[in-house]
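Each remark here refers to the structure printed beneath this line.
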There are 2 protein chains.
Amino acid sequence: MAADRTRTAIITAAERLYAERGFADVTMRDIVAAADVNLAAVNYHFGSKDELIAELFVTRSIATNRERLRELKAAEEAGNGRATAQEIFAALVGPTLRGCLGEAKQRSDAARFMIRASIESVPPIRKIKNREVDHLKRFAAALRRTLPDHDPADIFWALHFALAMAHQTIRDTERLTRMSDGLCDLDNVQAIIDRVVSVALMALTGKPARAKARA
Amino acid sequence: MAADRTRTAIITAAERLYAERGFADVTMRDIVAAADVNLAAVNYHFGSKDELIAELFVTRSIATNRERLRELKAAEEAGNGRATAQEIFAALVGPTLRGCLGEAKQRSDAARFMIRASIESVPPIRKIKNREVDHLKRFAAALRRTLPDHDPADIFWALHFALAMAHQTIRDTERLTRMSDGLCDLDNVQAIIDRVVSVALMALTGKPARAKARA
DNA sequence: GTCTATACCTCGATAGAC
DNA sequence: GTCTATCGAGGTATAGAC
């Protein structure tokens, strides 16, 4: 239990510092100072700096992925086993976008940490993302159930593009704001989700999205 | 001239090593050993490791941006001052995708370096990318000339999405391949450009792209 | 099993000789 | 311009206290 306290203190301090200052600027000595523990405690509990970062990222990723699957299941149950393509894309990009965009003031350390992870793409996190494939295959499978006549390759491309748009929007919020001189509204998260989903749908079907597929 | 030789040797060796092994695994001592120069030479000629990386990236970026603008101008001249939206998007994403995708064996160090830069997004390179805004505004301006009745915000969103799709395709080639079990063809670069452009167009106009706007 | 003090090694940077 | 020597910072490893 004393062990738990130290471990938790490290996790909390590390997530906060990385969220605030990014991965490049935070050293292990910074973290242990903030957590008020000994330098060697990080290696004892996590093995290495990279494994600490990996654990932080995995914890938050699991939460996001769970929320994605929850939305997917809910849509499938509401549709008697078939979600609409629109709902599937929304389940994929909605949780991430809702977590990372919106009013900056009230953002949690967890949300800001995930934004950093997206922007800075440090080696331990890259390795984990490469294993995200199985999770994505579930959304591909859902789309194939809904659109059995579609070319499977087009389905994968559409998923790939949906993720691309969502992640780049999180990553390059600032560039989009500056390029558009503030014209692109990045506070209305639902509007952004709708936009990404609608483009992903068009990528898939070659047609503009109908406003509402099901009430 | 002796100075030039040293400087060039460092640049060549650094680009090759970064291309081969990524930024995280290559130290300055690796670079100077490969270039057969003294350790202090890097700091003398470039100031710091980060400035060396920045110079490598800027050099290659300028080449890409020049090619983008060349394509844009060519299309505008062919269209008497107005390029089609299709041509504008193609000018934006074509040079990058042609440089970074396609047959892996014949990829130059320069191309592989740019792929690494895209994937690993190391601090000095992030800083430079943030100044890319002026370049993008030229493409926004071209689109506004071609589509004067469109909502400007939609134009910026479409440009943002086009870049997102292109960069993610370069960055996550492997994930897309694995997710689709090899079904998505990443060797046919022109087909990928067409796909990205067509989705960007739909994002902009809300309609599927016509096959050829102008012969 | 948990934690601490401390030493080690690699890396980027720099001062000063040539 | 180039080189040697060395410094400080950062991540890691270990020996031993509790």
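Residue numbers begin at 1 in each chain, while the letters A, B, ... track the order of the sequences.
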Presence of salt bridge, B:Arg178 and B:Glu174, under 4.0 angstrom |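 B:Arg178 and B:Glu174: salt-bridged.
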Lys/Arg-Asp/Glu bridge criterion (N-O < 4.0 Å) met for A:Arg16, A:Glu20 = yes
Is the distance from OP1 or OP2 of [N] to the nearest side-chain N or O of [X] less than 4.0 Å?
{"X": "A:His45", "N": "C:dG1", "result": "no"}
{"X": "B:Asn38", "N": "D:dG1", "result": "no"}
{"X": "A:Thr6", "N": "C:dT2", "result": "no"}
{"X": "A:Thr27", "N": "D:dA9", "result": "no"}

Can you measure [X] atom [atom1] to [N] atom [atom2] for me and round it to whole angstrom units?
{"X": "A:Leu17", "N": "D:dG10", "atom1": "CG", "atom2": "P", "result": "13 Å"}
{"X": "A:Asp50", "N": "D:dA13", "atom1": "CG", "atom2": "P", "result": "12 Å"}
{"X": "A:Met28", "N": "C:dT4", "atom1": "CE", "atom2": "P", "result": "14 Å"}
{"X": "B:Ile53", "N": "C:dA13", "atom1": "CD1", "atom2": "P", "result": "10 Å"}
{"X": "A:Phe46", "N": "C:dC3", "atom1": "CZ", "atom2": "P", "result": "11 Å"}
{"X": "A:Lys49", "N": "D:dA9", "atom1": "NZ", "atom2": "P", "result": "16 Å"}
{"X": "B:Tyr44", "N": "C:dA17", "atom1": "OH", "atom2": "C1'", "result": "15 Å"}
{"X": "A:Asn43", "N": "C:dT2", "atom1": "CG", "atom2": "C1'", "result": "14 Å"}

Side-chain contact check for B:Ser48: nearest option of C:dA13, C:dC3, C:dC11 is C:dA13
Which listed nucleotide (C:dA13, D:dG11, D:dT4) is nearest to the side chain of B:Arg29?
-> C:dA13
Which is true for A:Ala40 with a 4.0 Å heavy-atom rule: it touches a base, it touches only sugar-phosphate, or it touches nothing?
->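 Base: the residue A:Ala40, judged by heavy atoms under 4.0 Å, touches a nucleobase.
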Please tell me which of A:Val26 and B:Leu39 maps to the more 5' nucleotide of DNA chain D, matching each residue to the nucleotide holding its nearest heavy atom.
->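 So the residue in question is B:Leu39.
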Taking the six-membered ring for Trp, are the ring centroids of B:Phe23 and B:Phe113 within less than 6.0 Å of each other?
->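 Ring-ring flag for B:Phe23/B:Phe113: true, centres closer than 6.0 Å.
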Assign the ring pair A:Trp157 / A:His160 to parallel, tilted or perpendicular, where the plane angle (0 to 90°) is split at 30° and 60°.
->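 Because their plane-to-plane angle is over 60°, the rings of A:Trp157 and A:His160 count as perpendicular.
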Backbone N or O of B:Ala91 within a donor-acceptor pair of the B:Arg70 side chain at under 3.5 Å?
-> no
